[in-house]
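See structure below.
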Amino acid sequence: MATTDAEVERVRALVATVPPGQVVTYGDIAAAAGLSTPRTVGWIMRTDSADLPWHRVIGASGRPAAHLADRQLRLLAAEGVPIRDGRVDLRTARFPLP
């Protein structure tokens, strides 16, 4: 099923609410946006997130994707996100979406 413009805008709006120093997972965004899979959030973030705090969206394991890891962890660390062994401490840094 194709992703609608409304779904893209819901994801973008949710990502925009994540404050500095906190993170959400792709699954958190998918659930809050009413999407069936976190993969849709990943696709949206890959194609339409240049003006968003994309680095605050992370996988459920707390590890960033390998191709983004250095940059994403550097940006998150600069905001004070707790990182241990290349993994974000989700218990401490997870932002509760509405």
Side-chain angles (χ1 to χ4, degrees):
M1 178 181 267
T3 304
T4 67
D5 289 343
E7 290 169 333
V8 170
E9 290 309 313
R10 277 197 307 270
V11 166
R12 289 179 49 77
L14 287 164
V15 171
T17 68
V18 182
Q22 295 193 285
V23 298
V24 292
T25 67
Y26 293 98
D28 295 339
I29 295 285
L35 301 174
S36 61
T37 177
R39 289 178 184 248
T40 303
V41 176
W43 177 83
I44 292 167
M45 295 301 296
R46 187 176 69 245
T47 60
D48 191 19
S49 68
D51 61 335
L52 294 173
W54 61 269
H55 59 287
R56 298 180 191 145
V57 183
I58 195 119
S61 70
R63 290 195 189 276
H67 69 286
L68 297 172
D70 291 338
R71 183 172 178 214
Q72 189 169 20
L73 291 175
R74 187 174 58 251
L75 289 168
L76 291 172
E79 292 182 355
V81 172
I83 298 166
R84 292 182 188 85
D85 298 322
R87 179 179 289 179
V88 171
D89 181 355
L90 289 174
R91 283 188 226 168
T92 305
R94 196 176 217 160
F95 178 68
L97 288 170

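Being a predicted model, the structure only gives us computed values, none of them experimental.
Shown here for Ala93 and Val81, the closest heavy-atom pair between the two residues is CB-CG1, 3.9 Å. Closest of all the heavy-atom pairs between Ala16 and Pro53 is CA-CD, 4.3 Å. Taking both residues in full, the closest heavy atoms of Pro64 and Gly86 are given as CD-O, 3.7 Å, listed atom of the first, atom of the second, then distance. Closest approach of Leu97 and Ala32 over heavy atoms only: CD1-CB, 4.1 Å.
Cluster annotation: Trp54 is not connected to Val88 through the hydrophobic network of ILVMFWY side chains, with a link wherever side-chain heavy atoms come within less than 4.5 Å. Criterion: ILVMFWY side-chain heavy atoms under 4.5 Å apart, direct or through other members. Under it, Phe95 and Leu76 are not part of a common hydrophobic cluster. A single hydrophobic cluster is not seen to contain both Met45 and Leu90; linkage of ILVMFWY side chains at heavy-atom distances under 4.5 Å, directly or through other members, places them apart. In the hydrophobic clustering of ILVMFWY residues, with side-chain heavy atoms under 4.5 Å counting as a link, Val8 and Ile29 come out together. Taken together through direct or relayed side-chain contacts under 4.5 Å among Ile, Leu, Val, Met, Phe, Trp and Tyr, Val15 and Ile44 form part of one hydrophobic cluster.
Here the side chain of Glu7 pairs a donor or acceptor atom with the backbone of Thr4 at under 3.5 angstrom. No donor-acceptor pair closer than 3.5 Å links the side chain of Ser49 to the backbone N or O of Leu52.
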Test side-chain contact (heavy atoms from CB on, under 4.5 Å) applied to Tyr26 and Leu35, step by step: CA-CA 10 Å; Tyr26 293 98; Leu35 301 174; over 6 Å; no
Arg94 vs Thr25, side-chain contact (heavy atoms from CB on, under 4.5 Å): CA-CA, chis, key distance, verdict: CA-CA 8 Å; Arg94 196 176 217 160; Thr25 67; 3.1 Å; yes
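Remark: Asp51 CG is packed, more than 12 non-hydrogen atoms of other residues, nucleotides or ligands lying under 6.0 Å away. With a 6.0 Å radius and a threshold of 12 heavy atoms from other residues, nucleotides or ligands, Asp89 has its CG atom above the threshold.
Atom CG of Leu73 is separated from atom CD1 of Ile58 by 6.0 Å, given to the nearest 0.5 angstrom. Atom NE2 of His55 and atom CD of Gln72 lie 8.0 Å apart (nearest 0.5 Å). Separation of atoms CZ (Arg84) and CZ (Arg87) is listed at 11.5 Å; rounding is to 0.5 Å. If you take OG1 on Thr3 and CZ on Arg39, they are separated by 13.5 Å, rounding to the nearest 0.5 Å. Here the CZ atom belonging to Arg12 is positioned 11.5 Å from the CG atom belonging to Asp5, to the nearest 0.5 angstrom. Atom CD1 in Ile83 sits 11.0 Å away from atom CZ in Arg74 (nearest 0.5 Å).
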